[in-house]
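As structure tokens, the structure follows; a few thoughts come after it.
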Amino acid sequence: MNIQLLHEQYKALLRKEKRRIRFFQLLIIISFIGLWELASQNHWIDPLIFSAPSKVWRLFVEKWSDGTLMIHVNITLFETVLGFIIGTLLGTIIAAILWWSPFFSKVADPYLVVLNAMPKVALGPILIVALGPGMISIITMGAIISVIISTIVIYTAFIEVDTNYVKVLQTFNANRTQIFKEAILPASFPTIISTLKVNVGLSWVGVIVGEFLVSAKGLGYLIIYGFQVFNFNLVFLALMIIAVFATIMYQLVELVERKLIKAR
Amino acid sequence: MAILTVNHVYHTYFSQEVATEALHDIHFSVEPGEFVSILGASGCGKSTLLSIIAGLLEPTAGDVIIKNHDQSTSIGYMLQQDYLFPWKTIEENVTLGLKLLKYHDLHAKDIAKELLQAVGLPNIEKKFPRQLSGGMRQRAALARTLAVDPKILLLDEPFSALDYKAKLKLEDLVCAMLKSYEKTAILVTHDIGEAIAMSDRIILMSAKPGAIHKIFDVPRELAALTPFEARTHPSYGAFFQSVWKELESLEHSTSS
Ligand SMILES: Nc1ncnc2c1ncn2[C@@H]1O[C@H](COP(=O)(O)OP(=O)(O)OP(=O)(O)O)[C@@H](O)[C@H]1O
Ligand SMILES: [Mg+2]
């Protein structure tokens, strides 16, 4: 048997399967949009509430050309990315502190559980009063919603690292900083990446809710405003844009993942 | 003057439910340049003893005295499993000790290359541990332990994952290295032949709790030879028999 030939056949099979999957994925999105348009045109659904792809598109073109959409998108994106980074980074740092001091981590344990169970968006009004109705409150919302769960998940990964790796380092006289840097942190990278993926979604929730409350700028504001003036085209437009950018952020995290985990 | 003295060491593992006595009054000393093997049934406390000697575990009672103990660079400890860091290349793994001990040595890579060559692993510096077989990983771990040039070597079954030929070769190599650099070594093994071929003395441990049952002096004519030659020496067989008998009697006394 010719192994090279078999390998080619195997690769061709993989390519074919991939094409099939792509085809059905495209089919679903195209028929969804088509059906939506059709249903709206023929009044199977109320076009005032459910809008229509063509209307959303027209609104997009209009808002894009007068430059107003750009402003809102930029603000929300900025807040979300910052909230996401701060939340994850702070979670990792707190987890490192907990790892550093087992005593402190035992003391902090019940408080973490309570804080985690609490719906963070309920803190929104307090944040706005305390930090002012602006960007800082909104970014804080985006961060606070992911920080506790990140702390818990990453800390758990830290303490589950095989202690024998620590032993190896100790035979070389490693101090605690070196142990953290050489064993604990790299061994936990896969967990940190998966919290990143979860936090992409969470920080969008925090920021959009924050913008609902502050109601001044951003995609969250557009949704609330569209709702108040009963312009559901605007609501759907904002939703679509959120979907696109949330996906892009997720893809970026996966790119980071491939870079970091490549070596394993 | 002994380089290492294990001074009436006791160790008990405590947990909420039970206290397991792992070591009971372990007392012996090792001379500079000496090679000592520890033989004993599984679970008799050999790894515990090495951890205590390495300073990773505080004994419940007793202590370990090491002559001229400046820092832990004087002790190299190879754990029972390789524990190579999966996210580091073999080269990074082998030079890890050099890096941590701040030997700002421009030759770290050369040292790694040389050691890997010596343990029979040429040209794998850039590979990752998962790309190696169990025996290859064990040899890489040995290279990592040797890289920092420790005065005392603690080896916990370093040859267990090797095929017979590689094992014989590596025994010779390790022995030659230790002899030429006048290093002291303690080897844990299940293999009586290996213990006889490599060491000057053999400590036979009994289990539950782990205690020293008997210490054998390996006949001088065997100790002077390389491990491979020792295995073929006429007096090897007789000495093997006497160690074997003792091990057997130990098993019977504990099982009855
Ligand atoms: N971390 C631990 N906590 C509690 N008990 C332990 C711990 N480590 C070892 N023991 C117990 O101590 C005893 C000695 O264990 P040890 O690992 O030293 O044995 P060993 O002689 O190295 O065995 P093997 O030849 O199988 O490696 C065993 O009964 C084991 O169950
Ligand atoms: Mg053991």
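Lettering of chains follows the sequences in order, A, B, ..., and the numbering in each one begins at 1.
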>> Between A:Glu182 and B:Leu100, is the side chain to side chain contact (heavy atoms under 4.5 Å, CB included) condition met? List the steps.
In response: CA-CA 9 Å; A:Glu182 299 291 341; B:Leu100 289 174; 4.1 Å; yes

> Any idea which heavy atoms bring A:Ala183 and B:Phe85 closest together, and the distance?
Replying inline: CB-CE2, 3.8 Å

Above 12 or not: heavy atoms from other molecules or residues under 6.0 Å from [atom1] of [X]?
| X | atom1 | value |
| --- | --- | --- |
| B:Tyr13 | OH | yes |
| A:Met70 | CE | no |
| A:Ile159 | CD1 | yes |
| B:Glu31 | CD | yes |
| A:Lys197 | NZ | yes |
| B:Lys167 | NZ | yes |
| B:Lys179 | NZ | yes |
| B:Glu182 | CD | no |

Please state whether the side chain, the backbone, both or neither of [X] comes within less than 4.5 Å of a heavy atom of chain A.
| X | value |
| --- | --- |
| B:Leu79 | side chain |
| B:Leu154 | neither |
| B:Thr89 | neither |

Could you check if a side-chain atom of [X] sits within less than 4.5 angstrom of a side-chain atom of [Y], using non-hydrogen atoms only?
| X | Y | result |
| --- | --- | --- |
| A:Thr171 | B:Leu56 | yes |
| A:Pro186 | B:Lys88 | no |
| B:Pro150 | A:Phe172 | no |
| A:Leu169 | B:Leu96 | yes |

> At what distance, to the nearest 0.5 angstrom, does NZ of A:Lys167 lie from OH of B:Tyr83?
Replying inline: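 Output value for this atom pair is 8.5 Å.
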
>> Is A:Asp162 close to chain B through its backbone or its side chain, or both, or neither, when contacts mean heavy atoms under 4.5 Å?
In response: side chain

